**Student:** 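Right, I'll just put the structure down here and ask away after.
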Amino acid sequence: MDLIIQKYGGTSVANPERIKEVARRVGKTKDSGHDVIVVVSAMSGETDKLIKLAKQITETPDKRELDMLVSTGERVTIALLAMALQNIGHSSQSFTGRQVGIITDSVHTKARIERVSAERVRNALDEGRIPVVAGFQGVDEKSDVTTLGRGGSDLTAVALASALKAELCEIYTDVDGVFTADPNIVPNARKLDRISYDEMLEMASSGAKVLQTRSVEYAKRYEVPLVVRSSFTMNPGTFVMKEDKDMEKVIVSGVTYNKNEAKVTIMGVPDRPGVAAKLFGLIADAEIVVDMILQNVSSDGKQADISFTVPKTDLNKALEITRKVAKDLGARSVAAREDIAKVSIVGVGMRTHSGVAARMFETLAKEGINIMAISTSEIKISCLIDAKYTELATRILHDAFELGEETAVKE
Ligand code: ADP
Ligand code: ASP
Ligand code: MG
């Protein structure tokens, strides 16, 4: 019998009515002859609420305790959904991350999955039940509760799909699939029928939160068949799959934005070997992921300014480390900016087409939007800009690459 993993995000289980609706959808899949495992997130807004609660106790909550706290959101929805399924005549049981055997490292709030035993869900399936699994959570070797980073229920679903060799992993959310840009910001964004793992990975890591970045990495590595679709409609969604020749014809597949990063600048550091290694070594030791890096050397070549971006949630820690390094090196000063955003264009066709970057920069320049930093990969170009232009920049880039049209730019 085919096994399907269905993951429902926060808005899909936002209230009792929605949970009953999800139960009906899950029940239909089961009735049509499939085995189903359901993964759910906390009700929408609940995880944020729990984090706020912690911040009312202390600005810098201990991460182990934070995980203990935020993992409770998913406990509520698994129990409610199992009850809803039972209520319409299905045999169902809820399971926490620990019960499913999702074993992670001990990096609290962004733990990595090390292995998935899934023994209890296998047994539940054998008994004809529908297991309902808490997303976003696992346990480390000491049995301490960990969480997998924001949006981490997607990863739970993908990891289970891989461990149990599911036929399909369906990610149900509040939009019809993956769009050429966030449909809540760009009204004429177009739904993509398919997207390659690589493009999805770049889109997710540059801000399209429709799938968590790590979940896409995992899906790519283990070739998990993935579809993103709406729990509010019956529309078919977007398949995330291996790249094929046709995909290369499209130069740009999507525009993304990310307002969740902050910029740190260390000014007047001596321009000599080892400075960047020291700074970024210490930042990495603190498990902080640096995104963009920019270095300007003064005209006399003796001093440099280094700017870099980190997630806003890690800004305080990054600043603390940078100030210490600045003191050790005799740097002039350290500054931070939170009102910045990154806009990116993504497409596998960039590998084989030139002039894409120039078109992006011209488009921003025409609206008077200054570019503070640029970074590129083979299939992505990102520009750091003032946060107040985020929506405008996303829309004009979407138009410039004709993504809203039926005919996206082809060779
Ligand atoms: P869930 O709670 O179901 O996990 P998320 O809020 O994490 O849902 O992700 C869905 C949201 O992602 C959408 O409501 C949409 O605003 C946002 N989003 C951003 N970029 C994109 C994109 N390119 N395509 C689709 N959705 C996107
Ligand atoms: N509830 C968690 C969050 O809000 C996990 C998820 O929604 O996937 O980040
Ligand atoms: Mg999500």
Side-chain angles (χ1 to χ4, degrees), residues 6-14 18 22 39-52 66-67 69-78 97 102 109-111 133-138 146-159 170-193 195 199-216 227-232 235 237-238 240 252-260 311 313 342-347 390-391 394-395 397-398 403-404:
Q6 297 189 333
K7 176 260 172 178
Y8 292 87
T11 36
S12 302
V13 293
R18 287 294 315 157
V22 165
V39 174
V40 283
S41 297
M43 291 175 174
S44 63
E46 277 310 308
T47 310
D48 287 340
K49 234 186 251 171
L50 291 166
I51 293 171
K52 262 199 204 131
L66 199 56
D67 275 352
L69 178 70
V70 296
S71 65
T72 61
E74 273 72 11
R75 268 197 180 226
V76 173
T77 42
I78 50 169
I102 296 181
T109 75
K110 43 187 169 186
V133 175
F136 182 49
Q137 55 180 262
T146 55
T147 62
L148 309 174
R150 296 306 306 267
S153 301
D154 297 336
L155 178 57
T156 307
V158 170
E170 297 182 315
I171 306 288
Y172 283 96
T173 184
D174 56 1
V175 288
D176 269 343
V178 181
F179 283 69
T180 48
D182 185 344
N184 289 316
I185 298 287
V186 181
N188 66 338
R190 190 169 41 93
K191 195 208 81 179
L192 300 165
D193 292 332
I195 187 169
E199 284 173 308
M200 193 61 239
L201 195 53
E202 292 282 20
M203 281 185 69
S205 67
S206 60
K209 70 169 184 161
V210 62
L211 282 177
Q212 189 217 27
T213 308
R214 280 187 184 172
S215 73
V216 187
V227 63
V228 179
R229 54 188 296 197
S230 170
S231 69
F232 294 79
N235 299 340
T238 304
V240 187
V252 173
S253 300
V255 182
T256 58
Y257 66 91
N258 182 358
K259 290 198 217 179
N260 297 326
T313 43
K342 187 177 70 171
V343 284
S344 311
I345 55 174
V346 174
T390 314
E391 284 77 13
T394 309
R395 286 195 199 113
L397 288 170
H398 193 263
L403 295 179

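Note that ligands are numbered from 1 as they come in the structure, with each ligand's atoms numbered from 1 the same way. Predicted model, so just to flag it, every value in this text is computed and none were measured.
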**Student:** State the CZ-CG distance between Phe179 and Asn184, to the nearest 0.5 angstrom.
**Tutor:** 9.0 Å
**Student:** In Å, rounded to the nearest 0.5 Å, how long is the span from CE of Met200 to OG1 of Thr213?
**Tutor:**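 Here the rounded value is 8.0 Å.
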**Student:** Report, as yes or no, whether the 6.0 Å neighbourhood of atom CZ on Arg75 holds more than 12 heavy atoms from other residues, nucleotides or ligands.
**Tutor:** no
**Student:** Just verifying a value: how many Å separate Asp67 CG and Phe136 CZ, rounded to the nearest 0.5 Å?
**Tutor:**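 Going from the CG atom of Asp67 to the CZ atom of Phe136 covers 7.0 Å.
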**Student:** Hey, is Met203 one of the residues with a heavy atom under 4.0 angstrom from ligand 1?
**Tutor:**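 Checking ligand 1 against Met203, which is what was asked, there is a heavy-atom contact under 4.0 Å.
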**Student:** Quick one: which ligand 1 atoms are inside 4.0 Å of a heavy atom on Val178?
**Tutor:** 24 (N)
**Student:** Just do the side-chain contact (heavy atoms from CB on, under 4.5 Å) check on Asn235 and Arg229 with the steps written out, would you?
**Tutor:** CA-CA 7 Å; Asn235 299 340; Arg229 54 188 296 197; over 6 Å; no
**Student:** Give the contacting part of Arg150 toward ligand 1: side chain, backbone, both or neither, where contact means a heavy-atom distance below 4.0 Å.
**Tutor:** neither
**Student:** Donor-acceptor pair, Thr238 side chain versus Val178 backbone, under 3.5 Å?
**Tutor:**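 Judged by distance alone, yes, a pair lies under 3.5 Å.
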**Student:** Note the single closest protein heavy atom to atom 23 (N) of ligand 1, along with its residue, its atom name and the distance in Å.
**Tutor:** Phe179 O, 3.0 Å
**Student:** Counting distance only, does the side-chain N/O of Gln137 pair as donor-acceptor with the main-chain N or O of Ser71 below 3.5 Å?
**Tutor:**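 Between the backbone of Ser71 and the side chain of Gln137 there is a qualifying donor-acceptor contact (under 3.5 Å).
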**Student:** What protein heavy atom sits nearest atom 26 (N) of ligand 1, and how far off is it?
**Tutor:**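 Minimum-distance protein heavy atom for atom 26 (N) of ligand 1 reads Val210 CB, 3.5 Å.
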**Student:** Can any side-chain N or O of Ser206 pair as donor or acceptor with the backbone N or O of Ser344 at less than 3.5 Å?
**Tutor:**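 A pair under 3.5 Å: no.
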**Student:** Report yes or no: does Gly152 have a heavy atom closer than 4.0 Å to ligand 2?
**Tutor:** yes
**Student:** List the atom of Ser231, the atom of Arg18, and the distance in Å for their closest heavy-atom pair.
**Tutor:**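 Where Ser231 meets Arg18 most closely, the heavy atoms are OG-NH2, 2.9 Å.
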**Student:** How far is atom 16 (O) of ligand 1 from its nearest protein heavy atom, and which residue and atom name does that atom have?
**Tutor:**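 It is Asn184 ND2, 2.6 Å.
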**Student:** So, for Ile171 and Ala157, which heavy atoms are closest and what is the spacing to 0.1 Å?
**Tutor:**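 Scanning both residues, the minimum pair turns out to be CD1-CB, 4.2 Å.
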**Student:** Look up atom OH in Tyr8 and atom CG in Asp174, then write down how far apart they are to the nearest 0.5 Å.
**Tutor:**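 Tyr8 atom OH to Asp174 atom CG measures 14.0 Å (nearest 0.5 Å).
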**Student:** Which option, Val13, Asn258, Asp174, owns the non-hydrogen atom nearest atom 13 (C) of ligand 1?
**Tutor:**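 The option holding the nearest heavy atom is Asp174.
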**Student:** Of the choices Ser44, Ser215, Ala157, Ser153, which has the non-hydrogen atom that lies closest to atom 8 (O) of ligand 2?
**Tutor:**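 The option holding the nearest heavy atom is Ser153.
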**Student:** Return the residue, atom name and 0.1 Å-rounded distance of the protein heavy atom closest to atom 8 (O) of ligand 1.
**Tutor:** Thr173 OG1, 3.1 Å
**Student:** When you measure from atom 4 (O) of ligand 1 to every protein heavy atom, which one gives the shortest distance, and what is it?
**Tutor:** Lys7 NZ, 3.1 Å
**Student:** To the nearest 0.5 Å, how far apart are OG1 in Thr147 and CG in Leu155?
**Tutor:**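 That separation rounds to 11.0 Å.
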**Student:** Checking contacts here: is it the side chain or the backbone of Pro183 that comes within 4.0 Å of ligand 1, counting heavy atoms only? Could be both or neither.
**Tutor:**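 Looking at Pro183 and ligand 1, just side chain atoms fall under 4.0 Å.
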**Student:** Pull out every atom of ligand 2 sitting under 4.0 Å from any heavy atom of Glu74, numbered as shown with elements.
**Tutor:**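 By the 4.0 Å cutoff, the relevant atoms are 1 (N), 2 (C), 5 (C).
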**Student:** In this structure, does ligand 1 have an atom that sits under 4.0 Å from one of the heavy atoms of Lys191?
**Tutor:** no
**Student:** Below 4.0 angstrom from a heavy atom of Arg150, which ligand 2 atoms are there? Numbered from 1 as shown, please.
**Tutor:** 3 (C), 4 (O), 9 (O)
**Student:** Give me the residue, atom name and distance of the protein heavy atom closest to atom 7 (O) of ligand 1.
**Tutor:**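 Looking only at protein heavy atoms, the one closest to atom 7 (O) of ligand 1 is Lys209 O, 3.4 Å.
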**Student:** With a 4.0 Å heavy-atom cut-off (strictly under), which part of Asp182 contacts ligand 1: side chain, backbone, both or neither?
**Tutor:** both
**Student:** In the protein, which heavy atom is nearest to atom 2 (O) of ligand 1, and how far is it?
**Tutor:**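 The answer is Gly10 N, 3.1 Å.
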**Student:** Could you state the interatomic distance from CG (Leu211) to CD1 (Ile195), rounded to the nearest 0.5 Å?
**Tutor:**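 If I round to the nearest 0.5 Å, the distance is 9.0 Å.
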**Student:** Within the structure, is a non-hydrogen atom of Gly151 found at a distance of less than 4.0 Å from ligand 2?
**Tutor:** yes
**Student:** For atom 25 (C) of ligand 1, what is the closest protein heavy atom, and at what distance to 0.1 Å?
**Tutor:** Gly177 O, 3.3 Å
**Student:** Yes or no: does Gly254 have any heavy atom under 4.0 Å from an atom of ligand 1?
**Tutor:** no
**Student:** Name the closest protein heavy atom to atom 7 (O) of ligand 2, giving the residue it belongs to and the distance to 0.1 Å.
**Tutor:**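 Going by distance alone, atom 7 (O) of ligand 2 is nearest to Ser41 OG, 3.3 Å.
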